Amino acid sequence: MPKTLKPEQSHESLEYPYPYLFQKRLRFSHSFAAPSVALVSGSSDCRKFLSGSFFFKVVNFGLIVLGCCRAMASHVVGYPRMGPKRELKFALESFWDGKSSADELQNVAADLRASIWNQMADAGIKFIPSNTFSYYDQVLDTTAMLGAVPPRYSWNGGEIGFDVYFSMARGNASVPAMEMTKWFDTNYHYIVPELGPDVNFSYASHKAVQEYKEAKALGMETVPVLVGPVSYLLLSKPAKAVEKSFSLLSLIDKIIPVYKEVVAELKAAGATWIQFDEPTLVLDLDSHKLQAFSDAYSGLESSLSGLNVLIETYFADVPAETYKILTSLKGVTGFGFDLIRGTKTLDLIKTEFPLGKYLFAGVVDGRNIWANDLASSLTTLQDLAGTVGKDKVVVSTSCSLLHTAVDLENETKLDQEIKSWLAFAAQKVVEVNALAKALSGQKDEAYFSSNAAAQASRKSSPRVTNEAVQKAAAALKGSDHRRATNVSARLDAQQKKLNLPNLPTTTIGSFPQTMDLRRVRREFKAKKRVLLLFHILLLNFHHFQIVFHKLVFYFRISEDDYVKTIKEEINNVVKLQEELDIDVLVHGEPERNDMVEYFGEQLSGFAFTVNGWVQSYGSRCVKPPIIYGDVSRPKAMTVFWSSMAQSMTKRPMKGMLTGPVTILNWSFVRNDQPRFETCYQIALAIKDEVEDLEKAGITVIQIDEAALREGLPLRKSEQDFYLKWAVHSFRITNCGVQDTTQVHTHMCYSNFNDIIHSIMDMDADVITIENSRSDEKLLSVFREGVKYRAGIGPGVYDIHSPRIPSTEEIADRINKMLAVLESNILWVNPDCGLKTRKYSEVKPALSNMVAAAKLLRTQLASAK
């Protein structure tokens with residue numbers, strides 16, 4: 001890492017302790033306060049000449065070599081692939097829309113990969129990963145590598161191209177996409193492989209080798225990363241025509257030959273290390289699965305000869321028995337562990353670690369955005385070095401940095417004090433190498449001192465703590481906050497008031513957002529920010545005239561114009577739903593950018609980024625808020641828009657809220673207090689909003705808990721505690737409403753069968769839940785005898801695909817639901833919100849959905 005300037009040379013050294021290299025392709029620089037001083041690293045050609053080992057200081061445009069900065073034992077598990085300004089997202093969507101070519105998409109991707117590799121090389125990282133880039137998903141990439149393409153995509157062999165690849169991810173006009181579900185307990189989604197005994201595996205995508213060669217051509221040695229064979233199979237599901245009891249691990253002998261081909265090609269290309277990601281090793285695996293793991297790597301052992309092999313785990317502790325089996329593997333050079341979420345693994349390492357092996361110590365958090373406590377991490381690393389040997393400790397991230405934002409440098413509007421507490425992916429790379437250097441005896445005292453100052457600032461800042469909020473949250477622990485009447489009685493009271501037909505239709509909340517609508521919202525939001533600055537500058541009167549002219553020139557949208565635009569959009573959405581004859585309406589959420597950020601912006605204790613995007617799936621990115629302090633609701637957040645929408649129709653209009661658990665799980669959460677305490681604070685804020693909506697005459701209120709399952713701990717011993725406080729948090733939000741107020745919730749894209757009793761314990765009146773993309777696996781829990789007494793709407797079509805389902809297809813899905821659910825509790829709705837779709841897709845799909853519901857109503861009436 002470049003030497004840190006002394007405080008007198010840079011005003012940034014104390015408030016922002018991460019002097020950093022900006023990523024433009026193949027070049028990086030950082031400008032400081034003094035205009036004649038900057039730190040740069042050489043171009044790619046310069047790096048080849050100097051072997052990547054020198055940094056320079058430019059003083060008055062003169063180049064002076066500061067000295068050798070040898071790459072320490074540092075490693076990064078993986079890196080965000082979207083780009084600092086979502087370059088890949090826009091390139092993908094342009095390609096999908098037919099506005100750009102495959103070559104143009106590939107050029108953007110190549111630029112991003114080169115930028116990432118150069119960035120890590122410039123920061124001094126020794127073990128740089130390759131093949132962590134993906135056009136959609138790393139598990140889908142592995143499916144392509146193995147040639148495990150479901151027959152419906154009509155692949156005839158050969159190298160898998162974009163047509164087949166994106167059809168598997170997104171579906172096409174004739175066939176649906178593969179299932180998508182959550183990646184462990186993150187908000188990232190992967191494409192679930194569909195396997196069976198008849199799959200003919202073959203080496204069908206050479207991406208891993210191609211990207212390794214691509215990096216090598218740029219002068220960088222990388223560590224190719226593959227999803228490990230055991231995790232790949234355990235993350236798969238039996239294909240549709242295959243018995244659900246089929247053992248996926250029985251396919252291990254069929255996929256190992258393909259892995260051997262990949263390994264052989266990588267060795268031939270010059271690779272010296274290879275990384276196998278085996279995150280399923282943190283789960284509670286039985287002896288059969290552990291044996292399959294041992295057998296898989298025994299089968300690969302001869303092929304791996306001559307290579308250094310790293311097996312990487314992450315997201316939780318590795319169970320003791322698994323740890324023993326893992327670390328006893330022959331032919332493995334190093335083992336990677338998450339020491340942020342896997343603190344118990346530390347004890348296992350200190351008790352026993354194989355002699356001569358490398359420990360890749362994940363001490364830099366890959367899933368949150370708080371700056372690392374460098375002093376604390378260094379102490380941990382020194383303790384580990386005493387056990388395994390200093391030359392055998394490699395400093396690493398806890399998991400891939402895919403799950404955090406890209407670069408804090410792009411946050412020019414973020415509060416400076418809060419900014420000093422943070423580290424995004426780019427800064428975490430610097431942290432990793434700083435810790436590696438310190439462990440080797442080359443500690444950057446100025447860098448560590450600046451980090452310590454930021455840590456102290458956060459602990460002592462008065463903006464973090466609100467005593468009244470903490471007391472209110474603490475008082476919640478004495479009650480379970482249930483509504484006074486049971487759900488059956490409430491549904492009867494609600495039906496008398498709402499008078500809904502059998503199989504009532506609704507949607508989940510959002511409607512498509514056009515470019516014009518996004519532009520209006522963006523301009524109005526920008527105006528509010530500058531108006532705040534305008535009021536501040538009034539204190540300095542000599543700035544007044546300049547600022548005033550800039551405001552008049554640039555911002556042409558007034559608050560009245562903004563409200564008028566949003567009102568027109570809501571009115572259009574209401575009219576469309578009435579024309580389609582949907583029974584319970586939504587206002588379409590045109591005023592909302594994101595279902596979590598929208599609420600966070602109106603709650604205290606939250607901070608927001610401009611470019612803090614994180615990939616959720618495919619090209620879909622989210623911008624998680626940062627919860628830095630105690631949470632409260634200063635004023636009503638949704639009542640104005642919901643009341644306006646209800647005034648436009650006589651049909652019930654849902655008030656739309658995001659639940660406390662989802663706000664928590666889809667934010668970057670403070671790590672200085674237990675998560676459940678923060679969740680209780682959010683629950684109280686949402687409770688205030690629910691009661692204000694009810695007072696305003698809203699009779700149906702939806703409190704989305706899309707991420708409740710996502711937060712479930714991976715280890716079974718920890719799950720009960722989480723579910724108790726998560727379900728309790730939801731009940732807090734609506735425990736005070738009348739029986740006639742119908743409370744809905746929504747969940748999506750997770751496996752809910754194992755928590756169905758906790759879902760029932762939430763005591764919502766109606767739950768809408770993703771079902772169609774997962775091949776209706778949700779219904780199996782009801783076939784097995786679970787009696788659900790509240791209203792339920794398993795999704796009847798997948799909104800993440802542009803494909804439009806027919807009336808007959810939807811009717812068939814409803815009939816499958818009626819086979820296991822009573823008609824008087826069944827609702828008809830899509831899988832999820834419609835924001836990402838186009839009206840040309842939404843209108844016919846919803847029309848077919850309503851037609852299917854009416855068809856089934858007629859059939860049910862005739863049967864009586």
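What you see is a predicted model; the values in this text were computed from it and never measured. Throughout, residue positions are numbered sequentially from 1 according to the sequence presented. Every heavy atom of this structure was used, including side-chain atoms; hydrogens, water molecules and symmetry mates were not.
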Discussion item. Between N187 and V614, is the side chain to side chain contact (heavy atoms under 4.5 Å, CB included) condition met? List the steps.
Written reply: CA-CA 9 Å; N187 188 30; V614 179; over 6 Å; no

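- The backbone N or O of I703 lies less than 3.5 Å from a partner atom in the side chain of T745, making a donor-acceptor pair.
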Discussion item. Between E589 and S510, does the side-chain hydrogen bond (donor to acceptor under 3.5 Å, both in side chains) criterion hold? Intermediate values first, please.
Written reply: CA-CA 5 Å; E589 304 176 13; S510 61; 4.8 Å; no

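- For M656 against F599, the heavy-atom pair with the smallest separation is O-CZ, 3.6 Å.
- A donor-acceptor pair is defined here as one N or O able to donate and one able to accept, closer than 3.5 Å; no such pair exists between the side chain of Q742 and the backbone of V766.
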Discussion item. Test side-chain hydrogen bond (donor to acceptor under 3.5 Å, both in side chains) on D141 and Y136; report intermediate values, then the result.
Written reply: CA-CA 8 Å; D141 292 349; Y136 206 95; over 6 Å; no

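- Put simply, the side chain of Y680 does not reach to within 4.5 Å of the side chain of V631, judged on heavy atoms.
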Discussion item. Quick one, T143 with Y232, criterion side-chain hydrogen bond (donor to acceptor under 3.5 Å, both in side chains). Give me CA distance, side-chain angles, the key distance, then yes/no.
Written reply: CA-CA 9 Å; T143 295; Y232 177 78; 2.9 Å; yes

Fill in: Verdict with supporting geometry, Y598 and T638, side chain to side chain contact (heavy atoms under 4.5 Å, CB included)
CA-CA 10 Å; Y598 176 78; T638 66; 4.1 Å; yes

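- At least one donor-acceptor pair under 3.5 Å links the side chain of R490 to the backbone N or O of T485.
- In this structure a side-chain-to-backbone donor-acceptor pair under 3.5 Å is missing from E179 to V192.
- Within a 6.0 Å radius of CZ in R789, other residues, nucleotides and ligands contribute 12 heavy atoms or fewer.
- Heavy-atom minimum distance, S823 versus N502: O-OD1, 3.0 Å.
- Atom-to-atom distance recorded for K237:NZ and M178:CE is 8.0 Å, nearest 0.5 angstrom.
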Worksheet item: Could you walk me through whether E278 and S231 pass the side-chain hydrogen bond (donor to acceptor under 3.5 Å, both in side chains) check?
Response: CA-CA 5 Å; E278 291 283 8; S231 289; 2.7 Å; yes

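- A side-chain donor-acceptor contact under 3.5 Å links N665 to the backbone of A707.
- Atom CD of E822 is surrounded by 12 or fewer heavy atoms from other residues, nucleotides or ligands within 6.0 Å.
- Centroid-to-centroid, the aromatic rings of H728 and F676 stay 6.0 Å apart or farther.
- Side-chain rings of H403 and F315 approach one another, their centers coming within less than 6.0 Å.
- When all heavy atoms of Y722 and P713 are compared, the pair lying nearest together is CB-CD, 3.5 Å.
- For E597 and W666, the side-chain atoms include no donor-acceptor pair closer than 3.5 Å.
- With hydrogens and angles disregarded, no donor-acceptor distance shorter than 3.5 Å links the side chain of S236 to the backbone of E194.
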Worksheet item: Can you check side chain to side chain contact (heavy atoms under 4.5 Å, CB included) on R715 and L283, steps first, answer last?
Response: CA-CA 6 Å; R715 302 296 299 280; L283 304 177; over 6 Å; no

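- With E689 contributing its side chain and M637 its backbone, the two residues share a donor-acceptor pair below 3.5 Å.
- For the residue pair T740 / Q494, no side-chain donor-acceptor distance below 3.5 Å is found, with atom types taken as modelled.
- In terms of heavy-atom proximity, A853 sits nearest to T505 at CB-CG2, 3.6 Å.
- With respect to K835 and D594, no salt bridge is recorded, no charged nitrogen being found less than 4.0 Å from a carboxylate O.
- Not a single donor-acceptor pair under 3.5 Å links the side chain of R170 to the backbone N or O of A177.
- The residues R483 and D765 are annotated as salt-bridged, a charged nitrogen and a carboxylate oxygen being separated by less than 4.0 angstrom.
- Partners of Q495 according to the side-chain hydrogen bond (donor to acceptor under 3.5 Å, both in side chains) rule, which considers only residues two or more places apart in sequence or in another chain, do not exist here.
- Salt bridge annotation for D672-R670: present, with a cationic side-chain nitrogen under 4.0 angstrom from a carboxylate oxygen.
- To the nearest 0.5 Å, atom OG1 of residue T733 and atom CG of residue D688 are 11.0 Å apart.
- Under a 3.5 Å cut-off, the side chain of Q702 and the backbone N or O of I508 do form a donor-acceptor pair.
- Judged by distance alone, with hydrogens and angles left aside, the side-chain atoms of N829 form a donor-acceptor pair with the main-chain N or O of G793 at under 3.5 Å.
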Item to complete: Tell me, with the steps shown, if R341 and D317 meet salt bridge (charged side-chain N to carboxylate O under 4.0 Å, His left out).
Response: CA-CA 7 Å; R341 291 180 174 237; D317 283 299; over 6 Å; no

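- Residue T768 holds its OG1 atom at 10.0 Å from CG of D831, rounded to the nearest 0.5 Å.
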Discussion item. Working note: D754 + R709, criterion salt bridge (charged side-chain N to carboxylate O under 4.0 Å, His left out); need CA distance, chi angles, decisive distance, verdict.
Written reply: CA-CA 10 Å; D754 57 345; R709 175 61 173 77; 3.0 Å; yes

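- When ring centroids are compared, Y190 and Y617 stay outside the 6.0 Å threshold.
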